[in-house]
Amino acid sequence: MAPSSRRNTLLSAAALAAASTTTAFAPPSSIGINKSIQQQQQHHPYPITANSRCITRGLCSTSDSTDTTDLVALSTNPSLNLTPEGYGFSSPIERILKSRGGLGYYRAKGSESVIDVMEGITSKDNKADVALVFDDDDKLLGLFTDADYIRLATERATTRSEEESATFIAAPVSNFITPASNLICVDSTDTASQAVAIMSINNIRHTILIEKCGPNNSYLEGSAVKGVISMQDVLRVIQGDERLSFDKLSKKFPGLANKPIEQMREEMKSQANMLASNPETAKKDIIRAVTLALSAGSVALFASQSSWLSSHAELAMVGIFILGYIGIIFEEVFEFNKAAVALLMSTGLWVTYADYYGDSNGVASETVLEQLKEQLAEVSDICFFLLAASTIVEVVDAHQGFKVVTNLITTKSKKGLFWTIGFLTFFLSAILNNLTVTIVMVSLLRKLVPNDDDRRLFGAMVVVAANAGGVWTPIGDVTTTMLWINNNLSTIPTVTELFLPSFVCLVASLFYLVNQVEEDSSLAESTLPPPSPLATRGVVVFWTGIASLLAVPIFNDLTGLPPYIAMLTGLGAIWTMTDIIHMGEEEEEGMKVPAALSKLDTSGILFFLGILMSIGVLDKSGLLKDLAIFLNDNLPSQDIIATVIGIASALIDNVPLVAATMGMYDLADYGTDDKLWQLIALCAGTGGSILVIGSASGVALMGLEKVDFLWYAKKVTLGASIGYFAGIATYLAQNAVLSGALLSGSVSP
């Protein structure tokens, strides 16, 4: 037999065995099984047959007896083995059982408790990891494996109290076994190769050895069990035999030891060459080459302190910003992490501004350093706020606190849930800030919506609803808060005059987006436990977390300190409280704040930092102010200016845009609650929903649910735009009615 054929046989055997080991609890569909078999049969033309059933009840379906599939015999021809007949893949199955020592199972009675059986399996004297369960008449009832224990633990997780949970462990083990009628067996005539194939196709890790199997390797009632064989037992014998045989052959034929390795290396080189000729690989190579060239050119340009940078600093900053945003937008194409791109973009912009912009002489001035500190302080406020809010939400989730909300949501209609979550988010973001609400609602969606694609669409809807809901109260959105603090807006007119436009923006967007929701049974089949009372600890943690979030604006008003201080105070309070609740409970370490902190998406926070630092330097340099002045000089009306500012906020952070607008127009000319300020608040708040990078909520969604720019643009941008313009039209019509323009226009002079 040629070395390559022998190697293909062994590699395929190892691959087949690995597939069995790693997917023991993943239920394959019949399509997946047939595809796998077809691929294997290309190398193994010696078929045997067995029923494609799963040993684990409830984890995969059981096929009919007529639904048989060609299995792949790893080696039915002795000449294909490195080992002599009776060893390696041709080892008799009884030799494998003998080599492991013992029978391979713990013998248990059906009346024994689960905890006693688990103790028996794990005892030092036992050399097994499963239990065969018999009745009082020594009739085999079934098999208890780790898969059965996982099923038990899953059911136990739905209990309402610790006492009820303990009843599962104390229950008879016969309640949780895989029935004997579902078992797959091998008999004394089978070999190691057939055992591996049977376990692989049936996606199991253990099989029972009896004198003679029934049809399709089924267990015949009353058959005497000789032992239990695991995949690990079979592979240990095969690999040991192969290694010894190969060592002997290497001594007999000195050149043999290196030939398979050398041939494999050559084949790997050939495969690499074929891969390089693939168009997709060629595209990636071009991207890498262009990226390398741009990186090298940028480093060389900065290192040389070229005079071109000093005379074209504004152009260089705009170029860096555009390239950075391209890298973020096409993250999936370039395969660059957006956090890394954002950090590099911010660094490049600040270096260019500090060393080459205006009158700079190649070294950052004291003024620039002060500006950098100011910007970092502003960005840190938001990052610490995000860190604290995310941690509080994670702790509440760990204590199942969101059951308070999820127990109330019983609809199995995806479209009904879509509207429910949308309205809930809209009103919550009016009393909380939209960033916090987005974090909370996305955490809820992970409980309510099992499908990843559906959850991304629901998450995008949350961004639209949160941004719309944050507009009509002074504490809901940062731009409205800015205008409120600066006395451009007051509380009552903001609520009464911006509520309707914001609500119309939400409804119009949701009417479009809900058409992408396809009704199916996924909510009914969700793994979410049925509604059940929440433990007292969970209730306390939930309301403490909600109080911490709601107290932020109150704390800010009473103390004058920034919101992130209030959020960190809330985090400290819930941290202390959970430490007290779980004092001395080492098994509950996962319920405490340190465990929640370890789960946070640090790269998402760094992405947030990079984006805001980049926008900040554009603001400090005056480029954003120049943009605002350009709009004022070239657009015919303030309504259009506000609309364009809202569209621009989809790409550029709305905080510096609104700040620049506030600097352009004087309060003496445009007083408190003027139409200009209200329209800017509406446009800047809702316009950020048009692109996923246009708002803090969108950026948070990118980190929480791994939503990329292009997906959002394809699925959501049009719907968000419809809502944006509907909201503006509603505000202009409402303002015209309130100001009497429509009435006066309808009366003859």
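Only heavy atoms go into these numbers, but all of them, side chains included; no hydrogens, no water, no symmetry mates.
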| Between W472 and F499, how do the two ring planes meet: parallel, tilted or perpendicular, split at 30° and 60°? | perpendicular
| request: With rounding to the nearest 0.5 Å, note down the distance linking CG in L376 to CG in D381. | output: 9.5 Å
| task | State the SG-CG distance between C505 and L510, to the nearest 0.5 angstrom. | result | 9.5 Å
| message | Would you compute the distance between atom OG1 of T154 and atom CZ of R151 and round it to the nearest 0.5 angstrom? | response | 9.0 Å
Would you be so kind as to tabulate the donor-acceptor pairs closer than 3.5 Å made by side chains of residues 680-694, with sequence neighbours excluded?
{"unit_1": "T686", "atom_1": "OG1", "unit_2": "L682", "atom_2": "O", "d": "2.7"}
{"unit_1": "S689", "atom_1": "OG", "unit_2": "N467", "atom_2": "ND2", "d": "2.9"}

| remark: Rounding to 0.5 Å, atoms OG1 (T480) and CG (N488) come to a distance of 11.0 Å
| query | Taking atom CZ of F384 as the centre, does the number of heavy atoms from other residues, nucleotides or ligands within less than 6.0 Å exceed 12? | reply | no
| message | Is any side-chain heavy atom of V593 closer than 4.5 Å to one of T578? | response | yes
| query | Under 3.5 Å, is there a donor-acceptor pair between the side chain of S502 and the main chain of G469? | reply | no
| Would you say the side chain of L571 lies within less than 4.5 Å of the side chain of M567, judging by non-hydrogen atoms? | no
| task | Look up atom CG in L448 and atom CG in D454, then write down how far apart they are to the nearest 0.5 Å. | result | 12.5 Å
| Side chains of K675 and Y731 in contact at under 4.5 Å (non-hydrogen atoms) | yes
